[in-house]
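Below is one structure, written out as structure tokens; the observations come after it.
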Amino acid sequence: MTPSHWYNIVPDLPAPPPPPLHPGTMRPVGPDDLAPLFPAELIAQEVSGDRFVEIPQEVLDVYRLWRPTPLMRARRLEKALGTPARIYYKYEGVSPAGSHKPNTAVPQAYYNARQGVRRLTTETGAGQWGSALAFACAQYDLECEVWMVRASYDQKPYRRSLMRLYGATVHASPSSVTSAGSKVLAEEPGSPGSLGIAISEAVEVAGASDDTRYALGSVLNHVLMHQTVIGEEALEQLPEMPDVVIGCTGGGSNFAGLVFPFLREKLAGRISPVLRAVEPEACPSFTRGVYAYDFGDTAGFTPLLKMHTLGHDFVPDPIHAGGLRYHGMSPLLSHMYELGMFEAVATSQKECFQAGVRFARAEGIVPAPEPTHALAETIAEALRCRESGQEKVILTALCGHGHFDLAAYDRFLGGEMEDFSLPEERISAALSTLPVIRTPSP
Ligand SMILES: *Cc1c(COP(=O)(O)O)cnc(C)c1O
């Protein structure tokens, strides 16, 4: 059954996460600061202290198009690996956009439409968020304008087509239609773009217009909360409780969506799974970033967020997992990582594609490049079980399909894929421009 409520983990934490700060005053941002960007209901959810928030009927009506999503046991993968581990995956690729992103795109579009907003702007990396929001806007008669990171715009023309088919307008980012984009283009005409730059462009346009708001596909508390439908369903569907839960992290929303309900049960002492986030070696915000206040975007338009970050100037190498190319990480997850509530590891691009191919050959589903990170770690865990003879139960988030990513698989199968090593100097250079946090003005 699709759950009737989203789960908000914040009131169950031992301490609340540090608040976002206004970069001018260095004081916590209030609802008024956010009102030009987000509708009132989402701002309320962002700071809500309620453990459960009811899902509106109009949202459930749209969720019904693909929810509940399947929870599958990967028996054929287990057999291929010769592991005594039992592997389960929660598959979000059955949604209209082919990923978990519509779980939050739909309520975000709904609350905006209810408040009388006419147009939403957003950024997209791999194109998954852009297509999810374009679909959601079509449900509630909203216009949708998307800035798509240049590297993906060129690599994934069919994601562009899908957004247009749903009715959205798509720009390659950096674009010349915003001042943030023009500035980057002036400095680097061939810039591959980044999520940070694309966010600056979408925020700039939303902030300049009364009937327009901005929508973010990850990172923020309300986004993570909307995704908890994944974990709530999995809790109900699983025939046995997991020993290990594994998910990939870009901004953290699919990982949080799967693990938060399990963490609630863990905090209540009913289960005790190990929870593990997996990120790309090319963009390792948990494992090599710092926990500090930083901007969410490149131009510095957003509030300062306390998060694991590689610096807002960091432009990750153009790996195929576009959804994981973000310099920062959800502030809520960053806070929980500092509290030791879950683990994080990083994997290389080739190891991930190897896992994606293995999974596809055994289970039939072609995974998106992002969840191949979770699959690589799932396979590594299952192989450790083979060595030790442990019969662990592993649960992983297969958060999207890779039907739009076949060119990347072709490159891997043709032996043309590269791994990017990330020298420490590049991280320290980007971290040198972290904003200086002053004491608040009186
Ligand atoms: C966007 C996306 C991601 C990364 O975002 P998270 O917020 O970390 O989930 C991962 N996988 C897929 C399929 C995506 O579309």
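Each ligand, and each atom within it, is numbered from 1 in the order the structure gives.
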Item to check | Worked verdict on Tyr214 versus Phe301 for ring-ring contact (aromatic ring centres under 6.0 Å, His included) | outcome: CA-CA 13 Å; Tyr214 165 71; Phe301 291 154; over 10 Å; no

Next on the checklist: Are the side chains of Leu383 and Leu81 in contact, using a 4.5 Å heavy-atom criterion?
Outcome noted: yes

Under 3.5 Å: N or O atoms of ligand 1 paired with protein N or O:
residue, atom, partner, partner atom, Å
ligand 1, 7 (O), Ser218, OG, 2.5
ligand 1, 7 (O), Gly252, N, 3.3
ligand 1, 7 (O), Ser253, N, 2.7
ligand 1, 7 (O), Ser253, OG, 2.7
ligand 1, 8 (O), Gly250, N, 2.7
ligand 1, 8 (O), Gly251, N, 3.1
ligand 1, 8 (O), Gly252, N, 2.8
ligand 1, 9 (O), His100, NE2, 3.0
ligand 1, 9 (O), Ser253, OG, 3.3
ligand 1, 9 (O), Asn254, N, 2.9
ligand 1, 9 (O), Asn254, ND2, 2.8
ligand 1, 15 (O), Lys101, NZ, 2.7
ligand 1, 15 (O), Gln128, OE1, 3.1

Checklist entry - Is there a donor-acceptor contact under 3.5 Å linking the side chains of Thr347 and Glu377? => result no

Item to check | All side-chain contact (heavy atoms from CB on, under 4.5 Å) counterparts of Pro96, not counting sequence neighbours | outcome: Trp66, Phe135, Tyr166

Item to check | Asp297 side chain reached by Glu123 side chain, heavy atoms, under 4.5 Å | outcome: no

Checklist entry - Where do Phe359 and Tyr89 land on the ring-ring contact (aromatic ring centres under 6.0 Å, His included) test, with the steps shown first? => result CA-CA 11 Å; Phe359 184 85; Tyr89 60 92; 5.1 Å; yes

